[in-house]
Each structure stands twice: as C-alpha cells, then as structure tokens.
Asker: 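Below are the structure tokens for one structure; questions will follow.
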Amino acid sequence: IRGLLSGTGPVALDVGVLLVLLASLGNGAVGLYLLRLGRELDSIALEADGRHLLSDVATSAAVLGGLGAVWLTGWAWIDAAVALVVAAHILSVGGQLVRRAVGGLMDEADTPRLRRIAGALDASRRPWWIDVHSLRVWRSGNFLHADLHLVVPRFYHADRLHEVGDEVEAAIVGGAESAGEAIVHFDPCRPRHCGTCALPDCPVRQAEGASLPSFRLERITREEEPDAEALRPAAGPT
C-alpha cells in the first residue's frame, strides 16, 4: 500500500531476480514433494507445509511478472499492485487450511470418506451382514478409527463373529484407503429383519426376504430405533 501511495519502484533487480528464481526452484520441488507425501499419509501438517512453499512459488512468479511489467511500461505502481494480489492469494490458501484444521479438531464428518466406506461395505457385503447402522469414523493423525453396529444371525457363536468382524474391518479400511481399525458391535437379528435378510437355509427365519437394502451412507450412519422385542420384559413367576 505504501508503494502504491508513494510510487516507489523496485531496486537491485539483477540480484533480486536471480535470488527469486533460485528460491522458486527449490521451493517448488520441496513443496510438490511435501504435498504428495501429505496426501499419501493423509497428513494436513505436511500438506500445509507443501502449500506454504508452493504459495511462495506463486508469490515469486507474481513478483517476476510484476517486475517484467514495470520494466516494459515504466509504471512503478504495478509492482505494489501485484503484491496485493499475491497477499490475497496467500490469505485464501491459509484460510482453507485453517478451515480444514478446525474441522479435524471438531471431529467434523468426512463425508467423501464415509461414502467410500459405504460403497466398500456394499460391494463386499455377505449374506450374514444383515444390516449396518450407527457408523462413526474419526482420525488420529493418519490412522482411521471406525465404530459401527452390525446385525448378524442371532445363532452365530463367538468364533464366527470374530471372523465376521475381520471381514467388516477389511472392507472399511480398504474403502477408507487409509491404515486403521474398526470396532464392530454385533446386534442379534430379530423377526423384523427376516424380510430384508438373504441368508440361505436360515433355521430361525419367520418370513421370506422381500428386498435387500443397499448400504447407502444415509442408512449405515442412522441411529437404530430401540428394539422393542429386546426391551420387552421377560415373563416372571406368578
């Protein structure tokens, strides 16, 4: 702003341009590497460092463009005007990074990741995965934690449930495209699930299956209604 008001132009352009070019090459190479590494590791800290360096490259390019325009036109104010544009760009990039960081601190839902997990669960679905609800996902650094409820046949024993839990965890971690773990809470099936169950030769089926609902995001993240059959008090002695 002072440059715009005073009309002062840049000085020592020969040395300055050389330093800007050298710094841009170094910042660009390191910034791209950090950006790629941050995305691979799902680390916002590394990605922020990469964007910081790349914003320096953008700054340098704008500075060189402004100097070229000053040299061609002789208008010294162009350099200061370009500096203001660069400052706005840096504020924009910084604001986006702060927004993402605050979302992580507040455990904001990562909808794109949740949709990938929903698609992976639906694609890997087994007949004994009767229903899923209350899916929750959060991150600790680049490590993913998932928690969900899975309705399974009520006659399954502990060893079988352990196998089913491993199947579900593999599908979730694969869909999230990140290292992680999943805690599966098993809910026993009830007669009301028979209409949407595809388990063959079920010994406790009370109704034929009519339709198999897909594991859409809205379905697997919903809160399950209380089970009236499970809450019904047992008949005591009279």
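Atom set for the values below is all heavy atoms of this structure, side chains included, hydrogens, waters and symmetry mates excluded.
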Asker: List the atom pairs, with distances to 0.1 Å, where a side-chain N or O of residues 52-69 and a protein N or O form a donor-acceptor pair under 3.5 Å, not counting sequence neighbours.
Answerer:
from	atom 1	to	atom 2	distance (Å)
Ser55	OG	Arg51	O	3.4
Ser55	OG	His52	O	2.5
Thr59	OG1	Ser55	O	2.7
Ser60	OG	Ser24	OG	3.1
Ser60	OG	Asp56	O	2.9

Asker: More than 12 heavy atoms of other residues, nucleotides or ligands under 6.0 Å from NE2 of His162: yes or no?
Answerer: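 No, NE2 of His162 has 12 or fewer neighbouring heavy atoms, counting only those of other groups under 6.0 Å.
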Asker: What closest approach, in Å, do Cys202 and Phe155 show between heavy atoms, and which atom pair accounts for it?
Answerer: SG-CE2, 4.0 Å
Asker: Please tell me whether Tyr156 and Phe186 are part of a single hydrophobic cluster in this structure, the criterion being side-chain heavy atoms less than 4.5 Å apart.
Answerer: yes
Asker: Could you tell me the separation between the CG atom of Leu148 and the CG atom of Asp187, rounded to the nearest 0.5 Å?
Answerer: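 Interatomic distance, Leu148 CG to Asp187 CG, rounded to 0.5 Å: 9.5 Å.
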Asker: Under 3.5 Å, is there a donor-acceptor pair between the side chain of Arg222 and the main chain of His133?
Answerer: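 The answer is no, because no donor-acceptor pair under 3.5 Å joins these two groups.
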Asker: Between Ile172 and Ala146, which heavy-atom pair has the shortest distance, and what is it?
Answerer: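 Closest pair (atom of Ile172, atom of Ala146, distance): CG2-CB, 3.9 Å.
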Asker: Heavy atoms only: give me the nearest Glu169-Ala182 pair and the separation to one decimal.
Answerer: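 In terms of heavy atoms, the two residues are closest at OE2-N, 2.9 Å.
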Asker: Just how far is it from atom CD1 of Ile117 to atom CG of Leu217, taken to the nearest 0.5 Å?
Answerer: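 So the gap between those two atoms works out to 9.5 Å.
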Asker: Please name the pair of heavy atoms, one in Arg113 and one in Ala176, separated by the smallest distance, quoted to 0.1 Å.
Answerer: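 Smallest heavy-atom distance, with atoms named: NH1-O, 3.1 Å.
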Asker: Under the 3.5 angstrom rule, does the side chain of Arg125 hit a backbone N or O of Ala120 as a donor-acceptor pair?
Answerer: no
Asker: Quick one: CG on Leu121 to OG on Ser214, what's the gap to the nearest 0.5 Å?
Answerer: 11.5 Å
Asker: What I'd like to find out is whether the side chain of Phe215 reaches to under 4.5 Å of the side chain of Trp129, using heavy atoms alone.
Answerer: yes
Asker: Can you name the closest pair of heavy atoms from Cys189 and Pro153 and give their distance?
Answerer: SG-CA, 3.8 Å
Asker: Test of understanding: clusters of I, L, V, M, F, W, Y form through side-chain heavy atoms closer than 4.5 Å, transitively. Do Leu114 and Ile183 belong to the same one?
Answerer: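 Different hydrophobic clusters.
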Asker: Less than 4.5 Å apart, side chain to side chain, heavy atoms only: is that true for Leu144 and Val137?
Answerer: yes
Asker: Do Trp128 and Val204 share a hydrophobic cluster (ILVMFWY, side-chain heavy atoms under 4.5 Å, transitive)?
Answerer: yes
Asker: With rounding to the nearest 0.5 angstrom, report the OG1 to CZ distance, Thr111 to Arg116.
Answerer: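 Answer for the OG1-CZ pair, Thr111 versus Arg116, is 11.0 Å.
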Asker: Does Cys194 offer a backbone N or O that forms a donor-acceptor pair with the side chain of Arg205 under 3.5 Å?
Answerer: yes
Asker: What I'd like to find out is whether the side chain of Val168 reaches to under 4.5 Å of the side chain of Val132, using heavy atoms alone.
Answerer: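 Sidechains of Val132 and Val168: no contact.
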Asker: Within this structure, what is the CZ-NE2 distance for the pair Arg136 and His149, rounded to the nearest 0.5 Å?
Answerer: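 NE2 of His149 is found 8.5 Å from CZ of Arg136.
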Asker: Between Arg216 and Asp122 (salt bridge meaning N to carboxylate O under 4.0 Å), is one present in this structure?
Answerer: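 Salt bridge: no.
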Asker: In Å, rounded to the nearest 0.5 Å, how long is the span from CG of Leu199 to CZ of Arg126?
Answerer: 13.5 Å
Asker: Indicate if Tyr33 and Leu46 have the same hydrophobic cluster label, given that clusters are the connected sets of ILVMFWY residues with side-chain heavy-atom separations under 4.5 angstrom.
Answerer: yes
